[in-house]
Amino acid sequence: MLELTVTPDLSDSETYERKSAVGIDSDTGDAVVTMVGKAERKMKPDLAGLRRGLREWFARERRELPWRATTDPYAIWISEIMLQQTRVAAVIERYEGFLRRFPTVESLAAAGEAEVLAEWSGLGYYRRARMLHGAARMVCAERGGRVPDGFAALVELPGVGRYTAAAIASIAFGEPVAAVDGNVERVVLRLMGWGSEDAATHRAHLRQAVEMADELLDRAAPGDWNQAMMELGATVCLPRGPRCEVCPWLADCATRGEHPAVKRAAMRTVEMARAWMTRGSRRGEEVMLVERGAAETVMPGMWELPEAPTQQDGEPLLRVRHAIMQVNYRVAVYATDRAPASGCASRWVTLDEAERLPLTGLTRKVMRGMGWLASEKPQAGRSVSRIQAQ
DNA sequence: TAGCCGTGGCT
DNA sequence: TAGCCAAGGCT
């Protein structure tokens, strides 16, 4: 495989050329030339101009988000953990409820893990909640309940990596450190024309992007700047269909959104079935749930509907689509009288109890679809199809 | 370092 | 319908 790559180098030159890669297709043997960037960058970007443009854009377009209305480092920390790999809209639904339940780092540290997981249920990546809980206990035990006020100490907390430490340090404490998340990476890669389908080249570009983000950082207002960069990526410089026509950096952008990227692994589809067992009791209608083992790699200790045979007579009560990582599950939910397989902890729970348990997302989705979980709106999405009423 | 860890809305 | 992928971190 022959590959030539011409990569702009910030330190050596004021001039950028269009990047191109020449290679041999491993299947066909044909020569392949990849051109990157609609427009050639002739000059090093005007950093002061870029800063001014983004500042003005952010002052105009900044969204009102719940965590932008506080200066409490604990609340900002919670928001940043929730926002890891999670959409803003999903976090908005949970952020204030979580803070009502655990308003201070002390209250979070004092809670049991199951309580924290129950409040986190549906947000996904449950290890975040466990690490946040552990970090809160560390902060209380070792720092008198005072949230670390700088990048170096923040990044030592479980669940707080470079991005999150930089975000908290800059937003809550005004420390001039660039917070480089997926949005900022994409914005900088496109701005500079650093795109590649090759994984190694991509990694090199990411390292350059971090340096560039640091160079761009508005040190007079790092918290606002970091949020502005992320906001641009989240609302304008979208992964697909970027809205270049409203971008403050349009004139300076090397690619205008034409951005080759490393391809992801394909998803696979798996059929699965769950049992819906209910009974009436003095306490009201109850449903059977089982607890996942503590040794499970995925969602240990969380509660879900019992498994059921995928091949059954009759129509399921409900069909649900639920993707977990690279697997697309097609789930049929059957009414049944049969007890779940022995060996796992099972329980009849009322609606009220279910809402306080750490339920898996799939189980929440099914219970919503069945009209349970009164605290939530009935599922209206297309991922659930009601076959017949219970 | 690459694989793993969840979920839901959009297209 | 089903793929895409998000304010990442850990091992």
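Everything numeric in this text was worked out from a predicted model, so none of it was measured.
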Whole-Å [atom1] distance, [N] and [M]:
N      : M       : atom1 : result
dT7(B) : dT11(C) : C1'   : 23 Å
dG8(B) : dT1(C)  : C1'   : 16 Å
dG9(C) : dG9(B)  : C1'   : 24 Å
dC5(B) : dA7(C)  : P     : 22 Å

Go through Glu215(A) and Leu47(A) one step at a time and tell me if the side chain to side chain contact (heavy atoms under 4.5 Å, CB included) criterion holds.
CA-CA 8 Å; Glu215(A) 227 182 310; Leu47(A) 296 181; 3.6 Å; yes

For [N], does OP1 or OP2 lie under 4.0 Å from any side-chain N or O of [X]?
X         : N      : answer
Arg319(A) : dT1(C) : no
Tyr329(A) : dG6(B) : no
His322(A) : dG6(B) : no

Rounded to the nearest 0.5 Å, how far apart are [atom1] of [X] and [atom2] of [Y]?
X         : Y         : atom1 : atom2 : value
Leu65(A)  : Thr70(A)  : CG    : OG1   : 13.0 Å
His133(A) : Glu113(A) : NE2   : CD    : 7.0 Å
Asp149(A) : Arg143(A) : CG    : CZ    : 7.5 Å

Report which part of the nucleic acid Ile81(A) touches: base, sugar-phosphate, or nothing (heavy-atom distance under 4.0 Å, all strands).
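Touches nothing.
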
Sugar-phosphate, base or nothing in reach of Met82(A), heavy atoms under 4.0 Å
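No contact.
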
Enclosure of Glu271(A) CD (heavy-atom neighbours >12, cutoff 6.0 Å):
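More than 12 heavy atoms, drawn from other residues, nucleotides or ligands, come within 6.0 Å of this atom.
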
List the residues meeting side-chain hydrogen bond (donor to acceptor under 3.5 Å, both in side chains) with Thr363(A), not counting sequence neighbours, and say none if there are none.
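Thr363(A) satisfies side-chain hydrogen bond (donor to acceptor under 3.5 Å, both in side chains) with Thr360(A) once adjacent residues are dropped.
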
Would you give a per-nucleotide map of nucleotides 4-11 of chain C, 5' to 3', where B means the base has a protein non-hydrogen atom under 4.0 Å away, S means only the sugar-phosphate does, and - means neither?
BBBBBBS-

Can you run through DNA chain C from 5' to 3' and write each base as (, ), [, ], | or . depending on how it pairs? Watson-Crick or G-U wobble, both distances under 3.5 Å.
.|||||.||||

Quickly work out the [X] [atom1] to [N] [atom2] distance and round it to whole Å.
X         : N      : atom1 : atom2 : value
Gln326(A) : dT7(B) : CD    : P     : 15 Å
Asn328(A) : dG8(B) : CG    : P     : 13 Å
Leu206(A) : dA2(B) : CG    : C1'   : 14 Å
Glu304(A) : dT7(B) : CD    : C1'   : 15 Å
Met299(A) : dC5(B) : CE    : P     : 9 Å
His202(A) : dA2(B) : NE2   : C1'   : 13 Å
Arg330(A) : dT1(C) : CZ    : P     : 9 Å
Glu296(A) : dC4(B) : CD    : P     : 16 Å

Kindly say whether Glu119(A) contributes a backbone atom to a donor-acceptor pair with the side chain of Arg94(A) at under 3.5 angstrom?
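Yes.
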
So do Asp218(A) and Arg55(A) actually touch side chain to side chain, heavy atoms under 4.5 Å?
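Side chain of Arg55(A) against side chain of Asp218(A), heavy atoms only: contact under 4.5 Å found.
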
Pair Phe98(A) and Trp120(A), ring centroids less than 6.0 Å apart:
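Centroid separation for Phe98(A) and Trp120(A): below 6.0 Å.
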
Can you tell me which residue among Asp224(A), Val188(A), Leu217(A) is in a side chain to side chain contact (heavy atoms under 4.5 Å, CB included) with Met229(A)?
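The option that passes is Val188(A).
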
